[in-house]
Amino acid sequence: MDEDQSAEEVTDTKIIIAVESTIGNSSYQHSKINQWMSGIVESSLSQLTKLGKPFKYIVTCIILQKNGAGLHTASSCFWDNSTDGSCTVRWENKTIYCIVSVFGLAI
Amino acid sequence: MSDLAKEKAARLLKKRGSLSSLGSHEVRAKEAFAKTKDSISTVSYMEEPGHHDDIPRPAVQMENTYQLRPARRFPVLTVKDILKDVLTSYLQEEKYEPELCRQMTKTISEVVKARVKDLMIPRYKIIVIISIGQIRDQNMRMGSRCLWDETNDNFSSHTFKNSSLFATATVYGVYFE
């Protein structure tokens with residue numbers, strides 16, 4: 001279990017780094033949103049593959065403009081609790097909310 | 001004899017997967033041992049790759065099924081119909097309210113998971129993600145990318161909108177080999 005927790009922390013850090021390097025200090029810009037989305041998802045996925053573990057990964061990213069609107073997200077999973085896991089990272093700056101979820105399923 | 005030893009060394013290199021110069025030095029040193037203790041050295045090398053694994057193995061050991069492909073693929077259209085059905089029935093008349101929607105996301109995800117499980121697709125792991133948000137003149141973008149087996153794994157998603165809220169439902173089906 002300790003190994004699982006440290007693996008999640010490592011994943012957390014890696015995703016935060018990926019998000020920061022892509023969006024970093026930018027303000028919300030509609031024209032760039034596609035680029036940002038692909039950038040975040042691809043860099044997260046490549047960081048995960050570098051870990052070299054026998055997992056299938058699903059990376060989901062939601063980018064939201066800060067406008068006072070509300071958003072709720074829930075996920076329900078049917079898998080093997082001992083080998084599979086997920087990790088969600090919430091990141092924000094003055095104009096953007098970004099939620100990245102990673103699901104790892106053992107092969 | 002040297003040919004046999006070289007063959008063994010080549011097989012070992014393939015098993016270990018390392019092609020660095022360090023690896024080859026190790027192999028040469030071990031070749032000398034191989035000449036004197038043939039059978040023992042090969043058995044020990046075969047077990048070693050297992051010890052190098054850092055991943056904690058699950059407690060249950062499963063037998064080989066010798067099955068290369070899933071018996072039934074993930075039914076994308078059926079699942080999309082389920083999502084359409086559930087989202088419309090639960091959210092048709094609702095207005096966006098924080099508490100209600102918080103409960104609603106959890107309930108809907110459980111309901112969708114139960115209905116997809118009812119389809120009884122063997123050896124598939126299911127992930128259901130539901131997002132409900134308020135419509136307030138803002139922009140939102142959702143994207144996902146997956147690292148999996150293209151032939152066996154799939155996903156299905158549906159979006160529902162009414163005057164005050166929107167809801168997205170995505171179901172990923174991943175084959176367990």
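Just the heavy atoms: all of them, side chains too, but no hydrogens, waters or symmetry mates, feed the values below. Every chain is numbered from 1 and lettered A, B, ... according to where its sequence line falls, protein lines coming before strand lines.
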I need the [X] [atom1] to [Y] [atom2] distance, nearest 0.5 Å.
X	Y	atom1	atom2	result
I107(A)	W148(B)	CD1	CH2	13.0 Å
L105(A)	I126(B)	CG	CD1	10.5 Å
D84(A)	I127(B)	CG	CD1	8.0 Å
L147(B)	S46(A)	CG	OG	10.5 Å
C61(A)	R145(B)	SG	CZ	10.5 Å

Looking at every non-hydrogen atom in both residues, tell me the closest pair between [X] and [Y] and how far apart they are.
X	Y	value
C77(A)	K113(B)	O-NZ, 3.8 Å
I58(A)	C146(B)	CG2-SG, 3.8 Å
A74(A)	K106(B)	CB-N, 4.0 Å
S76(A)	E110(B)	OG-OE2, 3.6 Å
M142(B)	M37(A)	C-SD, 3.8 Å
K56(A)	Y175(B)	NZ-O, 3.1 Å

[atom1] of [X]: more than 12 outside heavy atoms within 6.0 angstrom?
X	atom1	result
K32(A)	NZ	no
F78(A)	CZ	no
R123(B)	CZ	yes
F155(B)	CZ	no
Q67(B)	CD	yes

(request) Find out if a path of hydrophobic residues (ILVMFWY) with successive side-chain heavy-atom gaps under 4.5 Å connects Y90(B) to V79(B). (result)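 Yes, because Y90(B) and V79(B) connect within a single hydrophobic cluster, where side-chain heavy atoms sit under 4.5 Å apart.
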(message) Do F160(B) and V112(B) land in one hydrophobic cluster if side-chain heavy atoms of ILVMFWY residues count as linked below 4.5 Å?
(response)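 Hydrophobic grouping puts F160(B) with V112(B).
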Engaged part of [X] at the chain B interface, taking heavy atoms whose separation is under 4.5 Å:
X	value
F103(A)	side chain
L45(A)	side chain
V41(A)	side chain

(request) Dump the intermediate steps for side-chain contact (heavy atoms from CB on, under 4.5 Å) on I129(B) and S101(A), then the final yes or no. (result) CA-CA 10 Å; I129(B) 303 180; S101(A) 298; 5.6 Å; no
(request) Report the option among E42(A), H30(A), H72(A) that has the most heavy-atom pairs separated by less than 4.5 Å from atoms of chain B. (result)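 Ranked by heavy-atom pairs under 4.5 Å with chain B, first place is H72(A).
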(message) Only pairs of heavy atoms separated by less than 4.5 Å count here; which of I99(A), V100(A), N34(A), V102(A) has the most with chain B?
(response)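 Answer, by heavy-atom pair count under 4.5 Å with chain B: N34(A).
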(message) Quick check for you: among D153(B), V128(B), T105(B), which has the greatest number of heavy-atom pairs under 4.5 Å with chain A?
(response)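 With the most close heavy-atom pairs to chain A, the winner is V128(B).
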(request) Mind ranking M140(B), R141(B), Q134(B) by heavy-atom pairs under 4.5 Å with chain A and telling me who comes out on top? (result)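 Looking at each option in turn, the highest pair count goes to R141(B).
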(message) Need one label for Y124(B): side chain, backbone, both or neither, based on atoms under 4.5 Å from any heavy atom in chain A.
(response)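 Contact with chain A: backbone only.
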